Protein chains: 2
Amino acid sequence: MYSCEIISVGTELLLGDILDTNQRYLSQEAAALGIAVLKRTTVGDNIERLSREINSALKNNDLVLLTGGLGPTADDITKEACCACMGFELKRDEKILRKIEDYFKNKGVVMPPTNAKQADVPFGEGANVFDNTCGTAPGAAIEKDGKCVVFMPGPPREMQAMFEKSVRPFLIKKYSDGVILSHSVRTVGIGESAMAERVADLLDSKNPTVAPYAKEGEALLRVTARAESREDAERLMAPVLNEIFKRLGDKIYDVDSSGLQETVVKLLKQKNLKVAFAESCTAGYLSKRLTDVPGASEVFECGIVSYSNRIKMKVLGVKKETLERYGAVSAQCAGEMAAGVRRISGADICVSVTGVAGPGNDGDIPSGVSYIGVCTDDGVFTERFETKKDSAREYNRYVTSSRALDLIRKQICKNSSNSV
Amino acid sequence: MYSCEIISVGTELLLGDILDTNQRYLSQEAAALGIAVLKRTTVGDNIERLSREINSALKNNDLVLLTGGLGPTADDITKEACCACMGFELKRDEKILRKIEDYFKNKGVVMPPTNAKQADVPFGEGANVFDNTCGTAPGAAIEKDGKCVVFMPGPPREMQAMFEKSVRPFLIKKYSDGVILSHSVRTVGIGESAMAERVADLLDSKNPTVAPYAKEGEALLRVTARAESREDAERLMAPVLNEIFKRLGDKIYDVDSSGLQETVVKLLKQKNLKVAFAESCTAGYLSKRLTDVPGASEVFECGIVSYSNRIKMKVLGVKKETLERYGAVSAQCAGEMAAGVRRISGADICVSVTGVAGPGNDGDIPSGVSYIGVCTDDGVFTERFETKKDSAREYNRYVTSSRALDLIRKQICKNSSNSV
């Protein structure tokens, strides 16, 4: 398998002025091409340090991908460093120079003299210059003795356009022996380590590989196969995925979903069902997450954020006695909130959340404790939910809204299995 | 000047599964402390490669900051690599072990045996263990022969909490001669470059330094002074801050606020005012953000997420004719929504949002366009708001909710100046 290192160049990156999204983009693209990314590096606009990085990357890898440092100013030195390390020379390309001049002419300004520098490109055997369709700085791939260095502009828009048009085809021709495919099995309601233990033996598998990851209040298994074709890769993964499904059962909420909200909206659309929410402690977080999904309007009727008891009574019809006797953070209140928003919305599945987001406890109720109510044709049920002790307010609200989404998922699946 | 290298650990990063935001966060924090970041590196869960990186980073720098690879599974090896490179040993800490066991007990499950590994920490002289207030994996700083390695958990929430509570104070004590103080002047409604231009001359100042940052739909200036004492640092910053206030005027919404929502809740409490929301396109995002602030219950009455037209009419009393004649995304609808939620809540300042979140336009209304309504004793006013062209759904919803929060801020300040 071929290996590569990704190098980002720019002092502004090291200062944290800019969030580097190029490294992730190139990591994903390399993985898709079956090229292993062994390392990523970020260095400033310093030709000694950059050259040192390029040389060590060339020693350990077949391929080095660089972005940034192709601007017109004196501290843009990526092109110079790459050519020096690979023993290539730069030569002014008149055609490119004219392109850059036109680019400025079209903007109604004369090209600043410094920009001429951007028309200098590596030349000779092994030099492949790449056109920049969104800017002035060309890129290039320079090859020698089985090693290859590719440099691209730093602005993501220019870099991605060049990668798709020129770099990817170039890399496929040179490096792509087969494909790498991945599936993410997403679980909720089970910790990363508990999940990993249930599939411990599978984690040693080599092709496909199986790796556990934790995501706020969720855990996922990434199954990755390398093969000649997509079909072969899928064939390799199928038995492992089936085994994982068997072991983790309904802790799994989806495969390759971007999150619980996407899965829930998808299921609601499939069953042609509508939801509505009554939120107290999550206070809009549940509605916000569901509507993160484009097209949620097809399945989402309304959300009532009843933060004060007055609104719980006035809008949702929670009984005064209920609040006095059991308090707002109680199964009884959750039940009446869910029933109340069902009366208002007529939605098929109505969910309420009332709890203590923290920081700090509410009387004798610890922060992180909540009651979730679900009201459907089958009536109302409630559950007590508790997040990790001493969790932050944001985490409590997020994980509680995740639990609410998961209860909706289970409700839909229950209904559908009934309807079978 | 001290120098450092930042190392992220995780195969999932090299595969591009996750966008690494830790490196940027640590770059900004190091810069604020006057520590030069010479290089950033990302390596996978491979102990040989990681150890090689740590050793070369130690050779060239005083300090190495690592994140990730502290999980309970066998492929989490950051702690082991750091201790090996620095010649420290790991020892089971019974107190931490009990903390982790309790953490699982509180979730009603038995701790998976593998998690015990997270209670192993470096010990002896030069080992400083850092508590993890948001998760199970502790961090640490280990010092030897004038070199220091700090490792922190990978999840940004856990890492940032640990950095603020433990790592920053540790670094300030060790690496900043005297004290370094910062103030963040937070602005909204002006782009980063426009903001920077207004204070261009101040950006060259050496002590205090003035650096512009962009944050989703906001721009901020971080003013940082190095001095013998806090008082001296404040004295150095005062004139620069005053100049910035003069130049940016009411584009500035606060100093050292964690965000618009915190500032708005603070102002509402000061004036003893209550707010209520009627949200369509933001669909709970506005309520969620206001209630991110602990104690928001004092100032927040309710939010109505009226996603369907039926609910706009039934709950908020928007007129059928209004929807038919002007559509749901109109100044007229926004006005009636704001008036409607005021009737329900009786809150002092009632704000409505209706717009097109995207992706894609809604008929002839481009995505990113919204109408915001404000209803107070003075009556109702509405404004048309538009985000950057071709922005993503999440960005549109976030920035639109920011605009709504800023209108509340302006309303409060207007009222208060009236009352003067």
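So you know, we letter chains A, B, ... as the sequences are listed, proteins then strands, and number each from 1. The shown structure was predicted, so the numbers you read here are calculated from the model rather than taken from an experiment.
- Using a 4.5 Å cut-off between heavy atoms, K39(A) touches chain B through backbone and side chain atoms alike.
- Side-chain contact between L19(B) and L19(A) is present, with heavy atoms from C-beta onward closer than 4.5 Å.
- Using a 4.5 Å cut-off between heavy atoms, Y307(B) touches chain A through backbone and side chain atoms alike.
- Chain A forms more heavy-atom pairs under 4.5 Å with one residue of T73(B), L38(B), N115(B) than with any other, namely L38(B).
- The contact between Y285(A) and chain B is made by backbone and side chain atoms together, counting heavy-atom distances below 4.5 Å.
- Contact of E301(B) with chain A is made through backbone and side chain together, with heavy-atom distances under 4.5 Å.
- In terms of non-hydrogen atom pairs under 4.5 Å with chain B, the most contact-rich of S193(A), A296(A), A31(A) is S193(A).
- With chain A as partner, the option from V293(B), N60(B), V315(B) having the largest number of non-hydrogen pairs under 4.5 angstrom is V293(B).
- Listed options E29(A), E394(A), K388(A), Q28(A) were ranked by heavy-atom pairs under 4.5 angstrom with chain B; first place goes to K388(A).
- Interface remark: E5(B) contributes no atoms to any contact with chain A (heavy atom separation under 4.5 Å).
- Closest non-hydrogen pair, S27(B) versus L13(A), comes out as OG-O, 4.0 Å.
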Apply side-chain contact (heavy atoms from CB on, under 4.5 Å) to residues D292(B) and R393(A) and explain how you reach the verdict. CA-CA 7 Å; D292(B) 282 343; R393(A) 181 177 176 90; 5.5 Å; no
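- With a 4.5 Å cut-off on non-hydrogen atoms, A196(A) touches chain B through its side chain but not through its backbone.
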Report the C-alpha separation of I304(B) and I304(A) in whole Å, then their side-chain angles, then the decisive distance to 0.1 Å, and conclude whether the side-chain contact (heavy atoms from CB on, under 4.5 Å) test is met. CA-CA 5 Å; I304(B) 307 292; I304(A) 307 293; 3.9 Å; yes
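- Heavy-atom distances place the side chain of P212(A), and not its backbone, under 4.5 Å from chain B.
- With chain B as the partner, the residue from E53(A), K312(A), E386(A), K274(A) showing the most heavy-atom pairs under 4.5 Å is E53(A).
- A donor-acceptor pair shorter than 3.5 Å can be found between the side chains of E197(A) and T114(B).
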May I have the step-by-step check of side-chain contact (heavy atoms from CB on, under 4.5 Å) for D20(B) and R24(A), ending in yes or no? CA-CA 8 Å; D20(B) 184 351; R24(A) 183 195 191 184; over 6 Å; no
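- Ranking T387(A), L290(A), I344(A) against chain B, the residue ahead of the rest is I344(A), based on heavy-atom pairs under 4.5 Å.
- In this structure, the portions of T41(B) lying under 4.5 Å from any heavy atom of chain A include both its backbone and its side chain.
- Contact count against chain B (heavy-atom pairs under 4.5 Å) is highest for A283(A) among A283(A), A392(A), S345(A).
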Is there a side-chain contact (heavy atoms from CB on, under 4.5 Å) between T291(A) and R397(B) once you walk through the steps? CA-CA 10 Å; T291(A) 54; R397(B) 281 154 45 96; 3.0 Å; yes
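- At most 12 non-hydrogen atoms from other residues, nucleotides or ligands lie less than 6.0 angstrom from CZ of R157(A).
- Annotation: side chain of F300(B) is in contact with side chain of V305(A) (closest heavy-atom distance under 4.5 Å).
- Nearest approach of P72(B) to E192(A), heavy atoms of both residues: CD-OE1, 4.1 Å.
- Residue contact with chain A, scored on non-hydrogen atoms closer than 4.5 Å, involves the backbone of T133(B) exclusively.
- Chain A forms more heavy-atom pairs under 4.5 Å with one residue of G303(B), G284(B), C134(B), S287(B) than with any other, namely G303(B).
- Interface summary for chain B: among V43(A), I6(A), N46(A), I18(A), the most heavy-atom pairs under 4.5 angstrom belong to I18(A).
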